[in-house]
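Below, chains carry the letters A, B, ... as their sequence lines are ordered, and counting in each starts from 1. Source: prediction; values computed, not measured. The figures here come from the full heavy-atom set of this structure, side chains too, leaving out hydrogens, waters and symmetry mates.
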Protein chains: 4
Amino acid sequence: MPRHKETERDKVMGKTRLLLLEAATDEFASEGYNGANINRISKAAGFAKGTIYNYFSSKRALMLALIDLIAASHHRYMVERVRQEEDPIRRLQRFFEAGLEWIVHNLSQGRVMLTMLNGPDAEFKLRMWQGYQPMHQLLIAEILVPGMELGLFRQLDPVATAGLLMTLYLGIGSTVSDEGRSQLAPEWIAGFVLEGLRQGAG
Amino acid sequence: MPRHKETERDKVMGKTRLLLLEAATDEFASEGYNGANINRISKAAGFAKGTIYNYFSSKRALMLALIDLIAASHHRYMVERVRQEEDPIRRLQRFFEAGLEWIVHNLSQGRVMLTMLNGPDAEFKLRMWQGYQPMHQLLIAEILVPGMELGLFRQLDPVATAGLLMTLYLGIGSTVSDEGRSQLAPEWIAGFVLEGLRQGAG
Amino acid sequence: MPRHKETERDKVMGKTRLLLLEAATDEFASEGYNGANINRISKAAGFAKGTIYNYFSSKRALMLALIDLIAASHHRYMVERVRQEEDPIRRLQRFFEAGLEWIVHNLSQGRVMLTMLNGPDAEFKLRMWQGYQPMHQLLIAEILVPGMELGLFRQLDPVATAGLLMTLYLGIGSTVSDEGRSQLAPEWIAGFVLEGLRQGAG
Amino acid sequence: MPRHKETERDKVMGKTRLLLLEAATDEFASEGYNGANINRISKAAGFAKGTIYNYFSSKRALMLALIDLIAASHHRYMVERVRQEEDPIRRLQRFFEAGLEWIVHNLSQGRVMLTMLNGPDAEFKLRMWQGYQPMHQLLIAEILVPGMELGLFRQLDPVATAGLLMTLYLGIGSTVSDEGRSQLAPEWIAGFVLEGLRQGAG
DNA sequence: TATGAATGAGAGTTCATTCAT
DNA sequence: AATGAATGAACTCTCATTCAT
């Protein structure tokens with residue numbers, strides 16, 4: 001069993017799989033899960049319709065794989081940006097800035113995420129929420145708790161607060177237009193939120 | 001008692017029509033637009049499958065009628081509750097309280113609203129946003145502007161602020177579970193928001 | 001049982017029935033039998049959809065009644081015109097002239113006739129052919145046989161010849177456009193046919 | 001042997017496609033367009049109901065393809081037979097003979113042709129007339145004009161005359177019974193027509 | 001007689017999925 | 001691994017017909 005060949009096949013496999021997932025992103029984004037057409041996805045990726053079943057066992061499995069991919073990619077992006085700052089206040093600002101940026105630069109992925117989080121399919125919703133747990137953790141462990149410890153933020157339930165911030169972020173994300181413009185500026189939001197968080201309030 | 005007028009009103013808001021809209025609410029809420037089955041709706045309302053087409057010209061027309069109904073009913077509910085208070089601060093608290101209440105008591109309607117606002121169908125999204133304009137107006141004209149005039153809130157762009165509050169409200173609404181429980185208490189939210197709005201901040 | 005009332009009802013019955021048949025003519029002409037919509041017919045006649053079933057037991061029965069009406073009315077028209085002439089040659093010319101006239105002035109009835117004669121429904125086709133037997137008789141007994149007896153036409157099988165002339169007439173009728181214009185002038189046809197019939201030929 | 005070209009030709013004139021068109025011919029012939037059942041066609045061709053949509057985008061598209069096929073096949077048949085003769089008179093006789101033959105041997109195709117030419121659907125009618133233009137040309141360019149030039153026929157408008165002959169032919173075709181018997185013998189018709197055409201008449 | 005709400009069989013069409021090549 | 005013809009369940013929508021009023 002030559003190792004080299006295995007690696008090559010993996011590479012090809014990976015490439016095709018990614019092409020299919022990319023095409024799926026656009027289709028699911030513009031049509032929703034039920035409205036999406038599996039054959040169209042395979043064609044858009046440059047393959048015949050049967051090909052997609054060599055990589056995903058069903059339409060549902062494809063969506064679940066896509067959900068995982070989106071959540072992981074989004075999280076990676078956010079972690080990288082947020083950690084560029086040290087100060088929790090700056091980190092919070094970065095969180096909203098980077099969050100909007102990611103959505104604007106990944107409109108289809110963003111739309112899939114929001115559609116799944118708000119859509120009626122319980123399995124997809126759950127999987128998406130699970131995928132976004134690391135981002136909750138990022139908010140809690142690397143922004144809110146340090147901020148409270150440093151006395152920058154008042155003492156709040158970090159879990160509930162992180163939930164509120166995620167909710168707010170997702171809500172704002174859903175106002176991003178198809179052309180990638182948001183009605184609400186991230187700095188403005190961050191400023192507003194910092195008022196609610198800041199020490200001395202209440 | 002003019003018979004013609006009666007008949008016309010019946011046509012627009014007859015018993016059968018309402019039964020169908022109610023059944024449609026549940027079906028669309030649990031299955032989404034594309035996943036919904038129009039025969040099942042008619043059956044669930046207690047009629048044969050063809051009957052629904054005596055009232056709505058297509059599945060799409062049914063959804064549009066439902067969107068209008070939901071937006072109007074939601075707005076009516078909010079207006080009634082919010083106006084029971086005079087003070088803008090109390091009104092803002094009421095806004096979040098009543099908002100959550102409405103969603104908890106109208107889970108299916110709420111889910112339809114959120115699914116449409118975040119879903120991929122541009123026409124439905126637009127129609128829903130249009131239907132919610134009166135609620136934006138309620139926030140602006142009866143809460144934010146009076147609050148600023150009374151010096152309770154700092155001077156902010158009322159339109160952007162109303163957008164932020166609606167976004168926040170809708171985001172919170174989307175966290176209400178299928179059993180009608182929200183992770184975020186409305187008073188807590190309102191408190192947080194009031195910090196961001198209050199005079200003397202920033 | 002007052003006789004007067006009976007008569008009135010008959011009159012109303014007759015009027016309504018005729019209105020329905022008129023509307024049916026247009027609908028069947030433009031949509032064909034299967035494509036025709038019974039409700040639309042009733043509405044076009046000024047009645048609610050149920051009404052038509054007070055006069056015709058089914059869509060099929062309506063069409064059969066219409067076929068009889070068309071054939072009888074067409075025949076009446078032709079007899080009246082043809083008998084205005086005495087000479088068989090003039091009568092033959094009149095036959096084509098009046099035939100085209102009738103179609104041009106009764107476009108919908110004409111189209112129903114032609115559609116039924118050429119359509120796939122055996123029952124309708126048969127009924128229509130039966131309805132047109134009197135016109136065959138008119139050709140045979142009042143044009144061809146007298147013409148042969150007077151030595152104006154050569155001796156031909158009158159039945160086959162009548163069949164040919166009817167076939168030709170119906171074929172020409174089918175070339176009449178929706179605006180009521182025919183590509184072939186009736187005099188020209190009649191002239192051509194008279195060449196084929198005339199004594200001394202062959 | 002380029003594989004691609006094979007595939008393309010298969011797509012246009014593959015076995016399955018032809019089987020479907022054959023089944024469609026019978027169904028449309030016996031039921032008319034609106035009465036035809038597309039599932040029945042696919043089943044009759046030996047396939048599942050969905051299969052037909054792999055070859056024709058809609059019922060209407062199927063009919064249009066069938067119209068083209070019928071017109072082309074009919075024309076091919078006529079050209080081959082008519083050109084076996086040199087003399088315009090013999091060619092005209094052949095025209096009627098072969099025409100009847102074709103209908104008798106292709107009853108379903110013939111019925112579809114006649115139904116479409118006389119039916120209420122404008123698009124089908126137009127397409128069928130267009131498909132039959134080559135047969136008009138055959139009459140004009142290879143029978144009537146040569147006959148006039150040779151002095152066998154009198155000088156007539158060739159277009160109008162061709163129209164009359166086609167009309168007559170189609171009319172006669174419509175009298176062919178379901179068992180394939182015509183009331184009018186083709187020689188008899190041709191003889192009658194030649195009387196109308198012959199030099200020295202009028 | 002006239003009405004029109006309700007019915008439900010039936011049609012065209014879509015598309016996820018299978019599988020032989 | 002890739003293909004694409006074939007499948008058939010499922011869905012939206014139509015409309016002839018019934019019937020209580």
| query | What is the distance from CD1 of B/I38 to C1' of F/dT14, rounded to the nearest Å? | reply | 13 Å

| message | Checking contacts here: which listed nucleotide (F/dG4, E/dT17, E/dT3) is nearest the side-chain heavy atoms of C/F47? | response | E/dT3

| task | Give one of base, sugar-phosphate or nothing for B/A36, where a contact means two heavy atoms less than 4.0 Å apart. | result | sugar-phosphate

| side-chain N/O B/N54 vs E/dA6 OP1/OP2, d < 4.0 Å | no

| task | Find out whether C/N118 and D/T115 are in side-chain contact, i.e. whether some heavy atom of one side chain is under 4.5 Å from a heavy atom of the other. | result | no

| request: Provide, to the nearest angstrom, the distance between the CG atom belonging to B/N34 and the C1' atom belonging to F/dA10. | output: 14 Å

| field | Length of the CZ-C1' vector between D/F56 and E/dG12, whole Å | value | 16 Å

| said: Just the rounded figure in Å: distance from C1' of E/dT13 to NZ of D/K49. | reply: 9 Å

| request: Let me know the distance between CG of A/L62 and P of E/dA16, rounded to the nearest Å. | output: 10 Å

| said: If you assign each of B/R40 and D/K43 to its closest nucleotide in DNA chain F, which residue comes earlier from the 5' end? | reply: D/K43

| task | Take atom CG of A/N39 and atom P of E/dT13, then tell me their distance rounded to the nearest Å. | result | 18 Å

| message | Within this structure, what is the CG-CZ distance for the pair A/L64 and A/R127, rounded to the nearest 0.5 Å? | response | 4.5 Å

| said: Testing B/F28, B/W129, B/Y33 one by one against B/F124 for a ring-ring contact (aromatic ring centres under 6.0 Å, His included), which residue passes? | reply: B/Y33

| request: Compare side-chain N and O positions of B/Y55 against OP1 and OP2 of E/dA6 and report whether any pair is under 4.0 Å apart. | output: yes

| field | Nearest-Å distance for atom pair CD1/P, residues A/I41 and E/dA16 | value | 8 Å

| Just to confirm, is there a sub-4.0 Å distance from OP1 or OP2 of F/dT12 to any side-chain nitrogen or oxygen of B/K59? | yes

| query | Can you check whether D/M128 reaches D/M113 side chain to side chain, under 4.5 Å on heavy atoms? | reply | yes

| said: Whether B/N37 contacts F/dT12 is assessed here as follows: a side-chain N or O lying under 4.0 Å from the phosphate OP1 or OP2. Is that the case? | reply: yes

| note | Atom CG of A/L19 and atom C1' of F/dA1 are separated, to the nearest Å, by 14 Å

| request: Can you tell me the pairing partner of E/dA20 across any strand shown, Watson-Crick or G-U wobble, with both distances under 3.5 angstrom? | output: F/dT3

| query | Within the pair A/T16 and F/dA2, is there a side-chain N or O less than 4.0 Å away from OP1 or OP2? | reply | yes

| query | Distance check: side-chain N/O of D/Y53 vs OP1/OP2 of F/dG8, anything under 4.0 Å? | reply | no

| message | Let's test this: given Watson-Crick or G-U wobble pairing with both distances under 3.5 Å, identify the partner of E/dC15. | response | F/dG8

| task | Check whether any side-chain heavy atom of D/N37 lies under 4.5 Å from a side-chain heavy atom of D/E27, and answer yes or no. | result | yes

| What nucleotide, of E/dG12, E/dT7, F/dC13, holds the atom closest to the side chain of B/T51? | E/dT7

| request: Ignoring hydrogens and angles, state whether a donor on the side chain of C/D26 or C/S108 is under 3.5 Å from an acceptor on the partner side chain. | output: yes

| If you find the nucleotide of DNA chain F closest to C/R60 and the one closest to B/G50, which residue's nucleotide is nearer the 5' end? | B/G50

